[in-house]
Asker: 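Sending over a structure as structure tokens; questions will come in a sec.
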Amino acid sequence: MTRATMRDLALRGAVAALLASAGCSVTGADGGEQPGLIQILPSAPAQVSVPQTAPRGEPFTVEVVTHGGGCLTKGPTRVRTGGMSADVRPYDRDSGGDVCPANVELYRHTATLRFDQPGTATVRIHGRGEPGREAVTVTRTVTIQ
């Protein structure tokens, strides 16, 4: 078994333990949309993919992985752009159930962005982190050619 596979299994185990030990309270037991869980441990960075460069005026894709399962299913990805910046917010849906399965799911959220000016664009991915359900923002830059 490779080191990467072992690390992936350990991370999945940590997510399962978080979801199982807290039931649906990890995401808020009120149901509805919740900001996506993008960072499950301080030592495990968010899985975000943003290209280093993109052609001016051409669409490109940004991806972020949220951690769910149990009472969480994949929700929408919302995008707000202005000038040379974009804010990407992945959401997942909480069923609000009292009892949740102990399964772990990874949800790939995508957003299509486009910048019409050459220069450096800033892309911010907003979500939640564990432990503590704190707000997490991952910032990347893209050179628009």
Side-chain angles (χ1 to χ4, degrees), residues 3-97 100 102-145:
R3 185 177 295 213
T5 302
M6 290 171 48
R7 184 178 60 237
D8 184 52
L9 290 173
L11 289 175
R12 286 176 184 259
V15 171
L18 280 171
L19 293 172
S21 68
C24 290
S25 65
V26 168
T27 60
D30 58 349
E33 290 180 3
Q34 306 288 328
L37 181 60
I38 64 173
Q39 183 173 327
I40 58 169
L41 298 170
S43 61
Q47 296 178 41
V48 172
S49 175
V50 177
Q52 292 182 350
T53 62
R56 175 178 56 118
E58 295 292 323
F60 63 92
T61 302
V62 171
E63 294 182 351
V64 59
V65 173
T66 61
H67 302 266
C71 287
L72 285 177
T73 59
K74 184 179 177 183
T77 304
R78 296 200 174 91
V79 177
R80 186 184 322 180
T81 59
M84 293 296 284
S85 68
D87 292 284
V88 178
R89 298 177 188 274
Y91 287 88
D92 292 324
R93 290 190 177 93
D94 181 352
S95 70
C100 302
N103 65 315
V104 176
E105 299 286 336
L106 299 177
Y107 305 124
R108 185 167 308 279
H109 292 260
T110 61
T112 301
L113 304 178
R114 186 184 85 200
F115 295 100
D116 294 325
Q117 302 286 344
T120 301
T122 302
V123 177
R124 290 178 294 274
I125 314 290
H126 303 276
R128 290 182 303 110
E130 289 293 349
R133 299 176 60 190
E134 73 275 4
V136 172
T137 300
V138 176
T139 303
R140 299 284 190 268
T141 58
V142 180
T143 301
I144 305 300
Q145 301 172 330

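What you are looking at is a predicted structure, and each value in this text was computed from that prediction instead of being measured. Side-chain atoms are counted along with the backbone in the values below, which use heavy atoms only and exclude waters and symmetry mates.
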Asker: Any idea which heavy atoms bring His109 and Asp92 closest together, and the distance?
Answerer: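 Nearest pair, atom of His109 first, then Asp92: NE2-OD1, 3.0 Å.
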
Asker: Ala46 and Val138: which non-hydrogen atoms are nearest, and at how many Å?
Answerer: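 The pair with the smallest heavy-atom distance is CB-CG2, 3.8 Å.
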
Asker: Pairs of donor and acceptor atoms involving the side chains of residues 110-122, under 3.5 Å and at least two apart or interchain, shall be tabulated with distances.
Answerer:
residue: Arg114; atom: NE; partner: Asp116; partner atom: OD1; Å: 3.2

Asker: Using side-chain contact (heavy atoms from CB on, under 4.5 Å) as the criterion, list what pairs up with Pro51, not counting sequence neighbours.
Answerer: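 Expected list: Phe60.
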
Asker: List the residues meeting salt bridge (Lys or Arg N to Asp or Glu O under 4.0 Å) with Arg80, not counting sequence neighbours, and say none if there are none.
Answerer: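 By the salt bridge (Lys or Arg N to Asp or Glu O under 4.0 Å) rule, Arg80 matches no residue at all.
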
Asker: Which residue pairs satisfy the side chain to side chain donor-acceptor pair (under 3.5 Å) criterion with at least one member in residues 136-145, sequence neighbours excluded?
Answerer: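 As it turns out, the side chain to side chain donor-acceptor pair (under 3.5 Å) pairs with a partner in residues 136-145, which skip direct neighbours, are His126-Thr137.
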
Asker: When rounded to the nearest 0.5 angstrom, what is the spacing between CZ in Arg89 and OG1 in Thr77?
Answerer: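 Here the interatomic distance stands at 12.5 Å.
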
Asker: Within the 4.5 Å heavy-atom criterion, are Gln34 and Arg133 side-chain neighbours or not?
Answerer: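 Yes, side chains in contact.
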
Asker: Under the salt bridge (Lys or Arg N to Asp or Glu O under 4.0 Å) rule, what pairs show up with a residue in residues 39-53, not counting sequence neighbours?
Answerer: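 Not a single pair qualifies under salt bridge (Lys or Arg N to Asp or Glu O under 4.0 Å).
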
Asker: Quick one: pull up OH in Tyr107 and OG1 in Thr73 and give me the separation to the nearest 0.5 Å.
Answerer: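 If we round to the nearest 0.5 Å, Tyr107:OH and Thr73:OG1 are 6.0 Å apart.
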
Asker: Count the heavy atoms of every other residue, nucleotide or ligand shown that sit under 6.0 Å from CD of Gln52, and state whether that count exceeds 12.
Answerer: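 Incorrect, the count does not exceed 12.
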
Asker: Compare every heavy atom of Val88 with every heavy atom of Val79, then report the nearest pair and how far apart it is.
Answerer: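 Shortest heavy-atom contact: CG2-CG2, 4.4 Å.
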
Asker: Considering all heavy atoms of both residues, which atom of Ile125 and which atom of Pro90 are nearest to each other, and what is their separation?
Answerer: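 Here Ile125 and Pro90 meet closest at CG2-CD, 4.3 Å.
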
Asker: Show me the pairs that pass salt bridge (Lys or Arg N to Asp or Glu O under 4.0 Å) and involve residues 48-76, at least two apart or across chains.
Answerer: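 Every salt bridge (Lys or Arg N to Asp or Glu O under 4.0 Å) pair that includes a residue of residues 48-76, provided the two are not neighbours, is Glu63-Arg108.
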
Asker: By side-chain hydrogen bond (donor to acceptor under 3.5 Å, both in side chains), which residues pair with Arg124, not counting sequence neighbours?
Answerer: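 Scan of Arg124 (side-chain hydrogen bond (donor to acceptor under 3.5 Å, both in side chains), adjacent residues dropped) gives Asp87.
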
Asker: Grab the two heavy atoms, one from Leu72 and one from His67, that are nearest each other, plus how far apart they are.
Answerer: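 In this case the closest contact between Leu72 and His67 is CD1-O, 3.9 Å.
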
Asker: How close do Thr81 and Ala86 get, counting heavy atoms only, and between which atoms?
Answerer: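 Where Thr81 meets Ala86 most closely, the heavy atoms are CG2-CB, 3.7 Å.
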
Asker: To the nearest 0.5 Å, what is the distance between CD (Gln47) and OG1 (Thr66)?
Answerer: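 One gets 10.0 Å once the value is rounded to the nearest 0.5 Å.
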
